[in-house]
Structures are given as C-alpha cells and as structure tokens.
Amino acid sequence: MPTPVTAIYPGTFDPITNGHTDLIHRATRLFSRVIVAVAANPGKDPMFSAAERVELARLVFADVEKVEVVGFNNLLVDFAAQQNAGVILRGLRAVSDFEFEFQLAGMNRKLAPALETLFMVPAEPYAYLSSKIVREIASLGGNVADFVHPKVKAALADRLALKS
Ligand code: ADP
C-alpha cells in the first residue's frame, strides 16, 4: 500500500469552474485526501467573497468524500503544514501559465523544502477555461452552462442581477 498523501489545491476559485473540478477529480485518484484551499486574496478584488467561494466549491463537491474545501488567509506553506499536506497541486493550461507557476513553485520550495509542487493538466475542453473568462461571459449575458456547475451558474446570475 502506498503511503497516504494529502494534496492541497490552492487558488482563488472566483468562482470554481469545470476546469478546477476536472483537476480535483483527477487528483482524488492519486491522493488519499484533496484539500481545496480557497485563498481570501482580497488584492484580486474577487466577485464572490471568500465565504461564498468556499460555499460554492462545497456545493460542487458535496458528495465526494475525499475532497474537503477550506478557506485560508495565511501563507500557503504554513497552511499546508497545518493541514499535514505533502503536495501542493496546481493546474497548467497553456505555456502562459508556466512562468508564474514556476516562480511560485520555486518560492514555495525555498520556504518549505519538503513540500512538493505537482502540476496537472486538465482535459482538453477545459484547457482554455479560467474563472476570469467565465465571469466575463456571464457579465455579458453569455451562457456559462458548459463551464461551471449549475449552482455556480445560478450564483453568477444572482450576483450579476444584483449588480445591474
Ligand atoms: P489563482 O489566483 O491562484 O491563480 P485560480 O482559481 O485562478 O487561482 O487557479 C487555481 C489553480 O487552478 C491554478 O494553478 C490555475 O492554473 C489552475 N486552473 C485554473 N483554471 C484551470 C483549468 N481550466 N484547468 C486546469 N487548471 C486550472
């Protein structure tokens, strides 16, 4: 039996998309526990509050026992240690993701040498998907049904109705 390893998947998840979900499902086949760690990230001026982003991700993974969704606002490597995570999981879509992810992984390794960063690639239909694109499509009245969970779609519609 391999040693059980907890992976932590940090991000803003503003909101969680089918690209994130695809990665998380893949990770459940590799790790004993997957923690979706929702960063408060106030600097990004998110559309949804941290509590709302946690709530939406919890709705999406309500039936998946291995997946736990938690919010955090401290240093990722400290939060990973608190959660006993051995792996930081990040997604790579295009080459354009690489430079930032490479810098982040290098810095996290400097801060916590025992914590490994692993990258996963989503299924092809999600390779061009980002939370930002989903927010933009929804705010211009486009249909995001293929990109997010129905409950996330409803939350986007509610948020945008409130704004207009
Ligand atoms: P952050 O602000 O940390 O980039 P995001 O929620 O945008 O937060 O992304 C979290 C992680 O998920 C990042 O590693 C990002 O590259 C990855 N990711 C985002 N969208 C997708 C997708 N469609 N497919 C695979 N990985 C993705």
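The shortest non-hydrogen separation linking Arg26 to Asp22 is NE-OD2, 2.8 Å. In plain terms, the two heavy atoms of Tyr126 and Gly19 that are nearest each other are CB-CA, 3.7 Å. Closest non-hydrogen pair, Ala57 versus Ile16, comes out as CB-CD1, 3.9 Å. The shortest non-hydrogen separation linking Tyr9 to Leu89 is CD1-O, 3.1 Å. Smallest separation of non-hydrogen atoms from Pro122 and Ala127: CG-CA, 4.1 Å. When all heavy atoms of Val134 and Thr17 are compared, the pair lying nearest together is CG2-CG2, 4.0 Å.
Atom CG of Asn18 sits about 10.5 Å away from atom CD1 of Ile24, to the nearest 0.5 Å. Taking CD1 from Ile88 and CZ from Phe79, the interatomic distance works out to 12.0 Å, rounded to the nearest 0.5 Å. Rounded to the nearest 0.5 angstrom, Thr12 OG1 and Lys132 NZ are separated by 13.0 Å. Here the straight-line distance linking atom CD of Glu52 with atom CZ of Arg159 works out to 4.0 Å at 0.5 Å rounding. For the atom pair NE2 of His20 and CG of Leu23, the computed distance is 8.5 Å after rounding to the nearest 0.5 Å. Interatomic distance, Leu59 CG to His149 NE2, rounded to the nearest 0.5 Å: 7.5 Å.
Connection of Leu30 to Val67 is established within a shared hydrophobic cluster, with ILVMFWY side chains joined at heavy-atom distances below 4.5 Å, either directly or through further cluster members. Under the 4.5 Å side-chain contact rule for hydrophobic residues, Val70 and Val38 do not share a cluster. Under the 4.5 Å side-chain heavy-atom criterion for grouping Ile, Leu, Val, Met, Phe, Trp and Tyr, Leu76 is not connected to Leu92 through any hydrophobic cluster. In the hydrophobic clustering of this structure, Val144 groups with Ile133; members are Ile, Leu, Val, Met, Phe, Trp, Tyr whose side-chain heavy atoms approach within less than 4.5 Å, directly or through other members. Under the 4.5 Å side-chain heavy-atom criterion for Ile, Leu, Val, Met, Phe, Trp and Tyr, Val121 and Leu129 are members of distinct hydrophobic clusters.
Between the side chain of Arg53 and the backbone N or O of Ala39 there is at least one donor-acceptor pair closer than 3.5 Å.
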Validation: residues 103-120 side-chain donor-acceptor distances under 3.5 Å, sequence neighbours left out:
| residue | atom | partner | partner atom | Å |
| --- | --- | --- | --- | --- |
| Asn108 | ND2 | Leu104 | O | 3.4 |
| Arg109 | NH2 | Glu116 | OE1 | 3.2 |

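Between Val69 and Phe13, every side-chain heavy-atom pair lies at or beyond the 4.5 Å cut-off. Within the 4.5 Å cutoff, the side chain of Pro15 has no heavy atoms near those of the Met47 side chain. Using a 4.5 Å heavy-atom cutoff, the side chains of Phe48 and Leu156 are in contact. Looking only at side-chain heavy atoms (C-beta outward), Val148 and Lys153 come within less than 4.5 Å of each other. Counting heavy atoms from C-beta on, the side chains of Arg90 and Pro10 come closer than 4.5 Å. Side-chain contact between Lys151 and Val60 is absent, with no heavy atoms from C-beta onward closer than 4.5 Å.
Ring-plane geometry between His25 and Phe61 is classed as tilted, the angle between the planes lying from 30 to 60 degrees on a 0 to 90 degree scale.
Annotation: side chain to side chain donor-acceptor pair (under 3.5 Å) contacts of Arg58 (sequence neighbours excluded): none.
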